[in-house]
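Here the structure is laid out as structure tokens; the discussion comes afterwards.
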Amino acid sequence: MNECLIDFKYDKETLAKWYDRVSEFENLGPKEEFVKSTPKKGFYTFVKNLFTGLRKNCGVCCFTSDPDNALMWSHYTESHKGIALGFNIMPVMQGGQFFIQPVDYLDQIIAQSYFTGNEETLRHLILTKSSIWSYEKEWRVFQYYQNGLFQFNKACLKEVIFGYRTTSENKKEVLIAIKKGGYRGIAIKEIVLDKTSLKFKTEVIKHIR
């Protein structure tokens with residue numbers, strides 16, 4: 001979410017078009033007076049601060065579409081000792097507060113104008129990442145005007161995957177937590193080493209009906 005992805009520069013024509021877009025939501029006064037009297041430096045700082053505030057007050061949750069990836073397990077699960085959770089995200093999104101999309105991996109920064117853009121400008125900020133991270137195959141869920149922890153529909157959790165080095169004690173704790181939480185319809189899996197390819201793969205241990 002690098003701010004360099006957003007271009008905050010503008011001229012009077014750009015400002016007039018931006019006014020047309022936001023005037024129904026904000027009390028900006030008459031258009032001609034607004035465009036003529038708005039100090040360039042002060043307004044630049046104003047909208048940049050607004051944008052920064054919006055970014056801080058929104059929530060982003062990151063997922064991967066590749067649960068077998070050895071680097072992901074190394075980086076995010078204390079060297080294969082943790083677990084991965086598999087979700088069906090659609091039941092969560094039925095309220096219309098979320099969108100979920102894959103990350104765009106780029107080799108260079110391409111800035112989009114804050115003033116001539118629309119919601120796509122915000123998505124460009126949220127969904128753009130350096131190509132060096134492309135192995136993560138990341139998807140991001142974005143929620144407007146809310147961050148921190150929030151409740152989700154229990155039906156969304158579809159699988160739990162134990163890491164290659166998850167201890168038996170931790171496995172037991174997780175299974176107890178699943179049962180106490182009332183989760184159903186979950187596949188319990190574990191990561192195993194495919195000895196023919198030296199790659200990781202998932203195997204189903206059991207199902208919680």
Side-chain angles (χ1 to χ4, degrees), residues 1-66 69 71-72 75-76 85 87-153 156:
M1 299 181 70
N2 192 316
E3 285 191 8
C4 293
L5 292 164
I6 307 299
D7 182 3
F8 290 96
K9 296 190 295 292
Y10 63 92
D11 52 25
K12 287 188 176 182
E13 181 181 354
T14 302
L15 193 60
K17 291 180 179 178
W18 181 82
Y19 178 97
D20 293 336
R21 265 201 353 261
V22 303
S23 58
E24 63 178 302
F25 308 106
E26 301 286 345
N27 182 18
L28 301 175
K31 180 177 179 179
E32 290 185 6
E33 182 179 339
F34 174 81
V35 174
K36 182 179 180 180
S37 62
T38 298
K40 190 165 186 177
K41 185 176 181 180
F43 190 68
Y44 170 88
T45 303
F46 171 72
V47 295
K48 190 171 183 180
N49 289 341
L50 275 181
F51 191 81
T52 301
L54 173 65
R55 187 179 65 173
K56 289 181 179 179
N57 291 320
C58 294
V60 179
C61 189
C62 305
F63 298 82
T64 179
S65 59
D66 185 11
N69 191 296
L71 286 176
M72 296 293 285
H75 293 165
Y76 297 110
L85 304 177
F87 289 90
N88 173 8
I89 201 65
M90 293 310 296
V92 179
M93 297 176 64
Q94 289 176 357
Q97 298 176 323
F98 296 82
F99 75 75
I100 179 169
Q101 289 186 6
V103 165
D104 293 323
Y105 296 101
L106 302 180
D107 291 323
Q108 60 183 5
I109 288 178
I110 301 174
Q112 289 191 8
S113 172
Y114 171 79
F115 296 96
T116 60
N118 47 32
E119 189 175 273
E120 288 304 314
T121 305
L122 183 59
R123 294 190 180 202
H124 179 62
L125 176 74
I126 295 165
L127 297 171
T128 301
K129 202 169 181 178
S130 169
S131 59
I132 64 172
W133 301 104
S134 60
Y135 71 87
E136 293 187 337
K137 298 181 182 178
E138 183 177 348
W139 287 66
R140 288 182 176 174
V141 173
F142 178 78
Q143 184 180 26
Y144 293 98
Y145 307 113
Q146 182 178 343
N147 56 26
L149 299 176
F150 62 93
Q151 297 294 320
F152 61 87
N153 188 330
C156 296

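No hydrogens, no waters, no symmetry mates; every other heavy atom, side chains included, goes into these values. For reference, positions follow the sequence shown, starting with 1. Since this is a predicted model, take the numbers as computed values, not measurements.
Taking all atoms of both residues into account, the shortest heavy-atom contact from Ala111 to Cys4 is CB-O, 3.5 Å. Closest of all the heavy-atom pairs between Leu5 and His124 is O-CD2, 3.4 Å. Across every non-hydrogen atom of Met72 and Tyr135, the tightest pair is SD-CE1, 4.1 Å.
Summarising the geometry, atom CD belonging to Gln101 is positioned 11.0 Å from atom CZ belonging to Phe142; distances are rounded to the nearest 0.5 Å. Residue Thr121 holds its OG1 atom at 10.0 Å from CG of Asp7, rounded to the nearest 0.5 Å. Within the model, atoms OG of Ser130 and CG of Leu106 stand 8.5 Å from one another, a figure rounded to the nearest 0.5 Å. To the nearest 0.5 Å, the span separating CG on Asp66 from CH2 on Trp139 amounts to 13.5 Å. Note that CD1 of Ile126 is 12.0 Å distant from CG of Asp104, once rounded to the nearest 0.5 Å. Rounding to the nearest 0.5 Å gives a distance of 12.0 Å between CG of Leu85 and SG of Cys156.
When side chains are defined from C-beta on, Asn69 does not count as touching Thr64, because their heavy atoms never get closer than 4.5 Å. Contact check for Phe34 versus Leu15: side-chain heavy atoms found under the 4.5 Å cut-off. Counting only heavy atoms from C-beta outward, the side chains of Glu136 and Tyr105 approach each other to under 4.5 Å. Annotation: side chain of Asp20 is in contact with side chain of Lys31 (closest heavy-atom distance under 4.5 Å).
Among residues two or more places apart in sequence or in another chain, the salt bridge (charged side-chain N to carboxylate O under 4.0 Å, His left out) test is passed with Lys12 by none. The side-chain contact (heavy atoms from CB on, under 4.5 Å) search around Glu33 returns Pro30, Ser37, not counting sequence neighbours.
Annotation: salt bridge (Lys or Arg N to Asp or Glu O under 4.0 Å) contacts involving residues 138-153, sequence neighbours excluded, comprise Lys129-Glu138, Glu138-Arg140.
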